[in-house]
Amino acid sequence: MADTTYVTPHDGSGTSLSFAGSTYKCTSMTYSKTDVTASDRVDTSTLDIIAGNQTTSQARPLKGDTSGDTGWSLSFDYIGNTPIDDGKTGALVVSGGLTINSTATCTDSSVTATVNDVVRGSATLRVDRP
Amino acid sequence: MTITDTTYTTSTGITLTFGGVAFHALTSCTWAWATGTSLGRAIEWTDAAGDCRISGFGSVPTSFWNKTGQLVIQGGGMDLDCLAVCTNISHQATLNGLTQYSVTFQLLQ
């Protein structure tokens with residue numbers, strides 16, 4: 001059986017995250033990129049279309065609201081008892097298993113205290129596009 | 001175990017004309033024949049007359065209201081050919097979507 005050598009978050013010096021000057025002990029990260037200008041389409045299929053033919057559609061007349069939304073976001077869980085202030089903006093540096101070097105804004109953060117466990121936090125950052 | 005495709009009639013290839021005018025871009029079509037009996041009267045209009053309701057993308061002029069004409073539906077197992085009168089026309093705008101019309105016909109016999 002041959003060993004694989006895919007990237008893991010523990011390679012090299014591990015994966016670190018720094019946001020707005022603070023370092024976070026992360027337990028998971030999800031970095032996503034979405035095209036916020038993409039609009040869903042309206043199904044315009046009609047009864048006169050013959051069986052076996054393609055459905056028809058057209059773009060919706062109004063585009064998605066892109067103000068304040070870059071479509072790029074980083075969600076991460078961390079060990080800590082302080083939520084990140086919503087609206088906090090700063091430099092975002094992730095290195096190791098993921099690489100991000102940009103500015104970001106916190107859109108959501110929470111902390112949870114659970115029996116027999118450390119206090120854990122989670123946050124979502126809106127990442128600026130270059 | 002083999003799975004056999006069914007071949008029931010599908011609601012496709014349906015066209016409708018009223019008074020010789022084609023109604024395009026239909027998205028729904030239902031019709032119901034008259035209920036009850038004519039009570040022995042040879043009349044075209046009864047309180048129990050059936051109706052046909054259609055909807056489609058676009059708009060329909062209100063000039064069709066109260067017009068009588070031959071209603072012909074073909075295809076999709078919806079075949080119908082009878083005299084009808086247009087009794088209702090409505091339109092609906094959909095936010096970030098398409099405008100649709102709805103028309104009701106009473107089926108005369």
Side-chain angles (χ1 to χ4, degrees), chain A residues 30-75 86-89 92 100 102-110 122-130, chain B residues 4-32 51-60 70-81 84 89-105 107:
Chain A
T30 301
Y31 185 31
S32 63
K33 295 182 175 182
T34 308
D35 181 3
V36 294
T37 63
S39 62
D40 58 328
R41 299 176 65 83
V42 182
D43 185 353
T44 58
S45 303
T46 52
L47 295 175
D48 60 326
I49 296 177
I50 297 173
N53 284 5
Q54 278 191 328
T55 58
T56 59
S57 66
Q58 68 184 64
R60 291 196 182 275
L62 306 180
K63 302 297 183 186
D65 184 5
T66 60
S67 61
D69 187 1
T70 65
W72 289 9
S73 68
L74 174 70
S75 299
D86 56 297
K88 187 172 188 178
T89 298
L92 171 66
I100 304 174
S102 180
T103 51
T105 301
C106 178
T107 58
D108 179 69
S109 182
S110 62
S122 67
T124 300
L125 309 180
R126 181 179 67 243
V127 180
D128 294 335
R129 293 174 179 258
Chain B
T4 306
D5 268 358
T6 56
T7 57
Y8 299 126
T9 302
T10 59
S11 299
T12 56
I14 298 173
T15 60
L16 182 148
T17 61
F18 173 65
V21 178
F23 281 65
H24 297 290
L26 291 179
T27 55
S28 73
C29 176
T30 64
W31 64 260
D51 66 4
C52 173
R53 301 167 188 267
I54 63 173
S55 295
F57 296 126
S59 60
V60 171
Q70 203 66 18
L71 179 67
V72 180
I73 305 175
Q74 294 179 313
M78 293 289 289
D79 290 21
L80 181 69
D81 189 343
I89 297 172
S90 65
H91 290 78
Q92 179 170 0
T94 304
L95 183 64
N96 203 20
L98 305 179
T99 298
Q100 293 201 51
Y101 67 84
S102 294
V103 179
T104 301
F105 304 95
L107 305 183

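Numbered from 1 within each chain, the chains take letters A, B, ... in sequence-line order. The basis for the numbers below is simple: all heavy atoms, side chains too, and nothing from hydrogens, waters or symmetry mates.
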Highest number of heavy-atom pairs under 4.5 Å with chain B among I50(A), L47(A), V42(A) belongs to L47(A)
Which answer fits L98(B), side chain, backbone, both or neither, if we ask what part of it has an atom under 4.5 Å from a heavy atom of chain A?
-> side chain
To see if you've got the definition right, give the donor-acceptor pairs under 3.5 angstrom between chain B and chain A.
unit_1 : atom_1 : unit_2 : atom_2 : d
T12(B) : OG1    : A51(A) : N      : 3.4
G13(B) : N      : L47(A) : O      : 2.8
G13(B) : N      : I49(A) : O      : 2.9
I14(B) : N      : L47(A) : O      : 2.9
L26(B) : O      : L47(A) : N      : 2.8
N96(B) : O      : R60(A) : NH1    : 2.9
N96(B) : OD1    : L62(A) : N      : 2.7

